[in-house]
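Order of the sequence lines sets the chain letters (A, B, ...), proteins ahead of strands, with each chain counted from 1.
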Amino acid sequence: MSRYDPAQIEPKWQKAWEEAGCFTARRDPAKPKYYVLEMFPYPSGRIHIGHVRNYTMGDVVARYKSSCGFSVLHPMGWDAFGMPAENAAMERGGHPKDWTYGNIAQMRGQMKPLGLSIDWSREFATCDPEYYGQQQSMFIDFMEKGLVYRKNAVVNWDPVDMTVLANEQVIDGKGWRSGAEVERRELTQWFFRISDFSGELLDAIDGLKDWPEKVRLMQANWIGKSRGLQFAFSTVDAPEGFDRLEVYTTRPDTLMGASFAAISPDHPLAKHLERHDPKIAEFVAECRRIGTSEEALEKAEKKGLDTGIHVRHPFDEAWEMPVYIANFILMDYGTGAIFGCPAHDQRDFDFATKYGLPIPPVFVAEGAEEADLSEAYVPMKSERVRYVRGFAGDEVQTGEAAVDAAIAFCEGKGVGRGVTNYRLRDWGVSRQRYWGCPIPVVHCEACGVVAEKKENLPVELPYDVSFDQPGNPLDRHPTWRDCACPKCGAPAKRETDTMDTFVDSSWYYARFTAPHANTPTVAEDADYWMNVDQYIGGIEHAILHLLYSRFFARAMHICGHLPKKAVEPFNALFTQGMVTHETYSTKGKDGRPVWHTPDDVTRTADGATLADGTPVDIGPVIKMSKSKKNVVDPMDIIARYGADTARWFVMSDSPPERDVEWTAAGAEAAQKHLTRVWTLSDRIGSLPDGKPGTGDEDLARAMHRAIHDVTQTIEGFAFNKAIAKLYEFANAIQKSDASKPVQRQAIMVLAQLMSPMTPHLAEDIWAHQGGEGLIAQAPWPKADPAMLVDDNVTLPIQINGKRRAEISVPKEMPASEVEKIVLADEAVIRALNGGAPKKLIVVPGRIVNVVI
RNA sequence: GCCCGAGUGGCGGAAUGGUAGACGCAGCGGAUUCAAAAUCCGCCGCCGCAAGGCGUGCGAGUUCGAGUCUCGCCUCGGGCACCA
């Protein structure tokens, strides 16, 4: 008798798959295609268990679809540009390129033992000149189509990383990577016109039926559509050229409650005034200093300065209001100016209270005599109000209808127009970094900013750079910047900014369809393989990466690089949960916890200890992180249990969209099960041929049930349930006393159904049972519908909705027959106590309810 | 503040409006063993000796029947946030 030995069988089958070319994706017009993609990794140097879960999910889908007869594309690549490579160079010496490619080699070496069905011939890294050269070529296309532009902008400057950050990369006023307080600087930057697509990107979310509702909502909120009124106040005592002040409001129904106007410190009027008035200049400078820092947001102190200028109410010439410069008005939303209605907006209320401005109410709660002026009154959606100072047509109550009516009324009076605004801003892509895709433009004294000629692409990063001082090494390079103007040929200077790494990941899915072509894509490959049928990754990319990709696919379509159908590149999206682990700590000398890795800790029945017996505090189950040391290394797991065990475990227990807790006990259990299945196959192999089979029918039914259930649950991305069904089926085989051929067929089907999760074990059983060819190439088994229906059903009997008994009857028995049997049932007789039931409900094949 | 989502045994989690707790972990009992490990068999929501009763965060409602649908709360989690 032999043993299940993953260390021996796993490499063996990986080699067999490779030799048979099982996973090479081929365009096959005779087959339907299926493109499954997991979000590609950043080459940090080591894979972690979260990668294992992510890629196993994709692999389950890929292997399953392949068995179902699809021509499957399942590629892998590397999101290889970015700051960590430069940080490593700065901290430890060496070169970002060497560091990155070294890490890639290492991680590829760690991924291969997982036995993933990946077409490695399509592998690329975004830092390959072959890839980023195509990206540069598209950047030039985008320039031609007006999809990218340069502008002076106040940007978020990260003083530690010495680079500009997109709004999306600023979290609570801090750089998303460095955590440093972000400053405001004015620089000339490249922008993608994503905001031109706001409406389209928003509307198209409705079509993303197979995306998680959560992600769709997050994207919709991020795009942030609002409908409102834009109108102009006429001004009094304003400088020349400022006789009108445009404002935007989403609450035109409160226009009669106006009390003041306020403009952003960055508003043109404020900028004009600061040149002539030192007090204003000082105030504006103070506002800029505070900027977006978290401290300022937390204090949330509304500060304003009266400009001495006034505006006239659009419906009353005599009604004049002061104009303030206020620190909470954003220049890049709406017009950078607002009217304040303190009675119905809490922020305006606070402001008015502070500066002693009037608080005229527009409406009161229905039934209320007078307005309550202790705080702003903002009615709830369903609340009804009574207008005390509206304009005509105010019988409309609240909410959207009131806003629409107010817009219509104002438009009718020639005051402003209805306007749709979006929160989404253009995407600033310039980064003052070395390890990124160079922006392929040239600065010529005569011609200005000129795109590089496509035949000169790729504009390749120079290798000989130094990281001994902060900032962008490209700026300091002695010769790299020098070039000829693509237009006039005169000596010129290259742009030294590189692109945001989110650009790299915005089109890699398209590149996988023709990864080595000398154009960004190839029409027939993109036509065949796009779209991605199933995309799988972390929820942390719900907004940025996915929104940028949706924009980029549209831009690529406009430039002829993608077919129309691919403007929404991901048909279905799945966001998987994280892998978590308990934390272990002891108290250090200074009272702070000292963390311990799971390897150093022994779990006991009621606690945990270190090797020397020191008791350890068991902390909460959280995401694996280096700082808390609650990390397990996939390589250790594979060495100890084998890849199939790791794959089986990360797919079991928790639903895939939720977090799963890694426990040693769980891993042990997974391995026990795989060993049991392997041993079961071994045992069936040595059954006597002539063994009579009393349970043949039962096992055959269990088999078809398993085929049906596992197929359904895999289709529905419910891998934890698929695994539960596989346990049930394995239990059924183990208990069965069916004849050898039936048992043999059952174990082979079990192997097939397990093969997406545990492909090596499945191959081994298949071969052991004499299966033909490789299981990886065998067609998915089909359930016989006739074997799924039972002749007899167990019918629960409820009395007043509580289950009290059950009967077994033929499935097709008519209701009248069932009623007779039910009324003769002991429990029913006892409950009726001689009386007749009020009602008797028979749901055929399901349940019986006796109402007394 | 605004917008979402989730609350089910000791734990992870199952349940087209129809037997709540599938499957797994942990636990308990037994077989095997000189003993253990491994393996196998069985039990396993709570109260109760039992009959029986109670059970899906809390409170109402709809229904013959509610974990599931409706309304109102509570708690936890996530996203956005000076967005006018």
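The listed nucleotides are B:rA14, B:rU19, B:rC23; the one nearest the side chain of A:P655 is B:rA14. Looking at the side chain of A:E728, the nearest of the listed nucleotides B:rA84, B:rC80, B:rC23 is B:rC23. When distances are taken from the side chain of A:M218 to each of B:rC64, B:rG24, B:rG79, the shortest belongs to B:rG79. Comparing B:rG42, B:rC83, B:rC82 by their closest approach to the side chain of A:N327 singles out B:rC82. Closest to the side chain of A:R846, from the set B:rG18, B:rG79, B:rC83, is B:rG18. Closest to the side chain of A:W222, from the set B:rA22, B:rU19, B:rA81, is B:rA81. Closest to the A:D653 side chain, of the nucleotides B:rA20, B:rA22, B:rG24, is B:rG24. Listed nucleotides B:rC25, B:rG12, B:rA22 differ in distance to A:S654; the shortest reach to its side chain belongs to B:rG12. The side chain of A:R676 lies closest to B:rC40 when the candidates are B:rA22, B:rA14, B:rC40. Distance from the side chain of A:R425 is smallest for B:rC83 among the nucleotides B:rC83, B:rA20, B:rG65.
Under the side-chain hydrogen bond (donor to acceptor under 3.5 Å, both in side chains) test applied with A:D350, the options A:R347, A:Q346, A:K354 reduce to a single match, A:Q346.
A:N421 has no side-chain polar atom (N or O) that falls below the 4.0 Å cut-off from OP1 or OP2 of B:rA84. Listed pair A:R658 / B:rG77 fails the phosphate criterion, with no side-chain N or O lying under 4.0 Å from OP1 or OP2.
Regarding A:I841, its CD1 atom lies at a distance of 11 Å from the C1' atom of B:rG18, rounded to whole Å. Rounding to whole angstrom units, CD of residue A:Q230 and C1' of B:rC83 are separated by 14 Å. The separation between A:Y422 atom OH and B:rA84 atom C1' is 18 Å, rounded to whole Å. Here B:rU63 presents its C1' atom at 9 Å from NZ of A:K839, a figure rounded to the nearest Å. In this entry the distance linking CD of A:E657 with P of B:rA14 reads 8 Å, nearest Å. Between the CG atom of A:N720 and the P atom of B:rA15 there is a distance of 8 Å, rounded to whole Å. Taking atom CG of A:D709 as the reference point, atom C1' of B:rA14 lies 12 Å away to the nearest angstrom. Rounded to a whole Å, the CG atom of A:L217 is 21 Å from the P atom of B:rG77.
Within the 4.0 angstrom heavy-atom criterion, no nucleotide atom of any strand lies near A:I539. Contacts of A:E806 with the nucleic acid, taken as non-hydrogen atoms under 4.0 Å apart, include base atoms. Within the 4.0 angstrom heavy-atom criterion, base atoms lie near A:Y248. Note on A:D345: nothing from the nucleic acid sits closer than 4.0 angstrom, heavy atoms only. Backbone-only engagement by A:K721 is indicated by non-hydrogen atom pairs under 4.0 Å involving sugar-phosphate atoms exclusively.
Nucleotides B:rC69 and B:rU8 are separated by 16 Å at their P atoms, to the nearest Å. Comparing the C1' positions of B:rA84 and B:rG72 gives a spacing of 32 Å, expressed to the nearest Å. For the C1' atoms, the distance linking B:rG7 with B:rG13 amounts to 13 Å, nearest Å. Between B:rC25 and B:rU39, the distance separating the two P atoms is 10 Å to the nearest Å. If you take atom P in B:rG9 and the same atom in B:rG57, they sit 8 Å apart, rounded to whole Å. Rounded to a whole angstrom, the distance from the P atom of B:rG5 to that of B:rU70 is 11 Å. Distance check on atom P: B:rA22 versus B:rC46 gives 13 Å, rounded to whole Å. The gap from the P atom of B:rG45 to that of B:rC23 amounts to 12 Å, rounded to the nearest Å.
A:G418 and A:I407 make their closest contact through CA-CG2, 3.6 Å (heavy atoms, listed as atom of the first residue, atom of the second, distance). Among all heavy-atom pairs drawn from A:R53 and A:M578, the shortest one is NH1-O, 3.4 Å.
With a 3.5 Å ceiling on both atom-pair distances, the Watson-Crick or G-U wobble partner of B:rC71 is B:rG59. Base pairing annotation: B:rG5 forms a Watson-Crick or G-U wobble pair with B:rC76, both donor-acceptor distances under 3.5 Å. Base pairing annotation: B:rG42 forms a Watson-Crick or G-U wobble pair with B:rC28, both donor-acceptor distances under 3.5 Å.
Taking the six-membered ring for Trp and thresholds of 30 and 60 degrees, A:Y584 and A:H581 have ring planes more than 60 degrees apart, a perpendicular arrangement.
By the side-chain contact (heavy atoms from CB on, under 4.5 Å) test, A:S195 is found to be paired with A:S198, A:D426, residues two or more places apart in sequence or in another chain being considered. Taking the salt bridge (charged side-chain N to carboxylate O under 4.0 Å, His left out) definition, one finds that A:D825 meets it with nothing, sequence neighbours left out. Taking the ring pair (Phe, Tyr, Trp, His ring centres under 6.0 Å) definition, one finds that A:F231 meets it with A:F233, sequence neighbours left out.
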Side-chain donor-acceptor contacts of residues 702-713 of chain A below 3.5 Å, not counting sequence neighbours, with atom names and distances?
from   : atom 1 : to     : atom 2 : distance (Å)
A:H704 : ND1    : A:D784 : N      : 2.9
A:R705 : NH1    : A:D709 : OD1    : 3.4
A:R705 : NH2    : A:L788 : O      : 3.0
A:T711 : OG1    : A:I707 : O      : 2.6
A:T711 : OG1    : A:W780 : NE1    : 3.0
A:T713 : OG1    : A:D709 : O      : 2.8
A:T713 : OG1    : A:V710 : O      : 3.1

Just distance, no hydrogens or angles: give the donor-acceptor pairs under 3.5 Å from side chains in residues 723-731 of chain A, sequence neighbours left out.
from   : atom 1 : to     : atom 2 : distance (Å)
A:Y727 : OH     : A:W648 : NE1    : 3.3
A:N731 : OD1    : A:R676 : NH1    : 3.1
A:N731 : OD1    : A:R676 : NH2    : 2.8
A:N731 : ND2    : A:Y727 : O      : 3.3

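At a cut-off of 3.5 angstrom, counting only N and O atoms as typed in the model, there is no donor on one side facing an acceptor on the other between the side-chain of A:R347 and the base of B:rC83. Between the side chain of A:R804 and the base of B:rU19, no donor-acceptor pair under 3.5 Å is found.
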One character per nucleotide, please: for nucleotides 55-60 of chain B, 5' to 3', B when the base has a protein heavy atom closer than 4.0 Å, S when only the sugar-phosphate does, - otherwise. ------
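Using a 4.0 Å cut-off between charged side-chain N and carboxylate O, A:D253 and A:R251 make a salt bridge.
Here B:rG9 is in the syn range [glycosidic angle within 90° of 0].
Between A:V850 and A:K672, the residue anchored closer to the 5' end of RNA chain B is A:K672, taking for each the nucleotide with the nearest heavy atom. Both A:V851 and A:Q734 sit near RNA chain B, but only A:Q734 has its closest nucleotide nearer the 5' end.
Using a 4.5 Å heavy-atom threshold, the side chains of A:Y324 and A:I263 count as separate.
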